[in-house]
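First up is the structure itself, then whatever we jot down about it.
Only this structure's heavy atoms are used, side chains among them; waters, hydrogens and symmetry mates stay out.
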Amino acid sequence: PGHTGLYHSAFLYPDRAALVAVIERVMDAGIPFDGAAHHGVSTAVYLRDPDENGVELYVDLPRADWSKDADGNLTMVNDRFAIPAYVAETKALIASGTL
């Protein structure tokens with residue numbers, strides 16, 4: 001506190017399935033998450049490393065799915081979501097062949 005430094009490290013995954021695979025590994029290791037959010041252009045989960053540095057694990061959405069306003073400008077959001085529900089939904093999409 002009171003010092004400039006690393007805000008967090010961010011790790012981009014190639015797709016939703018890969019993000020969920022790492023989320024499951026983190027959960028299996030018993031590491032707690034600080035939160036999770038859909039941002040309109042990406043989906044991210046947040047946690048802390050052993051030194052309490054912030055870590056973001058995320059996937060970009062396809063550009064066609066990015067949220068935009070009526071003028072075509074990007075609209076960033078911070079919509080929180082439940083990680084277990086996201087994992088379950090992703091697994092269902094994979095099982096159905098949709099993802």
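With sequence neighbours left out, the side chain to side chain donor-acceptor pair (under 3.5 Å) criterion links Ser9 to no other residue. Residues meeting the salt bridge (Lys or Arg N to Asp or Glu O under 4.0 Å) test with Asp49, sequence neighbours left out: none.
Within the 4.5 Å cutoff, the side chain of Leu61 has no heavy atoms near those of the Val41 side chain. Leu57 places a side-chain heavy atom less than 4.5 Å from the side chain of Val26. Contact of the Glu56 side chain with the Leu47 side chain is not registered, since no non-hydrogen atoms from C-beta on lie closer than 4.5 Å. Side-chain contact between Arg48 and Val55 is absent, with no heavy atoms from C-beta onward closer than 4.5 Å. In this structure, the side chains of His39 and Asn78 come closer than 4.5 Å at one or more pairs of heavy atoms.
Judged by distance alone, with hydrogens and angles left aside, the side-chain atoms of Asp69 form a donor-acceptor pair with the main-chain N or O of Asp71 at under 3.5 Å. Judged purely by atom type and a 3.5 angstrom limit, Trp66 has no side-chain atom pairing as donor or acceptor with the backbone of Leu74.
If you take CD1 on Ile31 and CZ on Arg25, they are separated by 11.0 Å, rounding to the nearest 0.5 Å. Between atom OG1 of residue Thr90 and atom CD1 of residue Ile23 there is a gap of 7.5 Å, rounded to the nearest 0.5 Å.
Contact detail for Met27 and Ile83: the closest heavy-atom pair is SD-CG2, 4.3 Å. Of all non-hydrogen atoms in Ser42 and Asp60, the two that sit nearest each other are CB-OD1, 3.7 Å.
The list of salt bridge (Lys or Arg N to Asp or Glu O under 4.0 Å) pairs with a residue in residues 88-99, not counting sequence neighbours, reads Arg16-Glu89, Glu24-Lys91. Among residues at least two apart or in separate chains, there is no ring pair (Phe, Tyr, Trp, His ring centres under 6.0 Å) pair with a member in residues 44-65. Note on residues 74-99: pairs passing ring pair (Phe, Tyr, Trp, His ring centres under 6.0 Å), not counting sequence neighbours, are His38-Phe81, His38-Tyr86, Phe81-Tyr86.
Summarising the hydrophobic clusters (Ile, Leu, Val, Met, Phe, Trp, Tyr; side-chain heavy atoms under 4.5 Å, direct or chained), the residues clustered with Leu93 are Ile94, Leu99.
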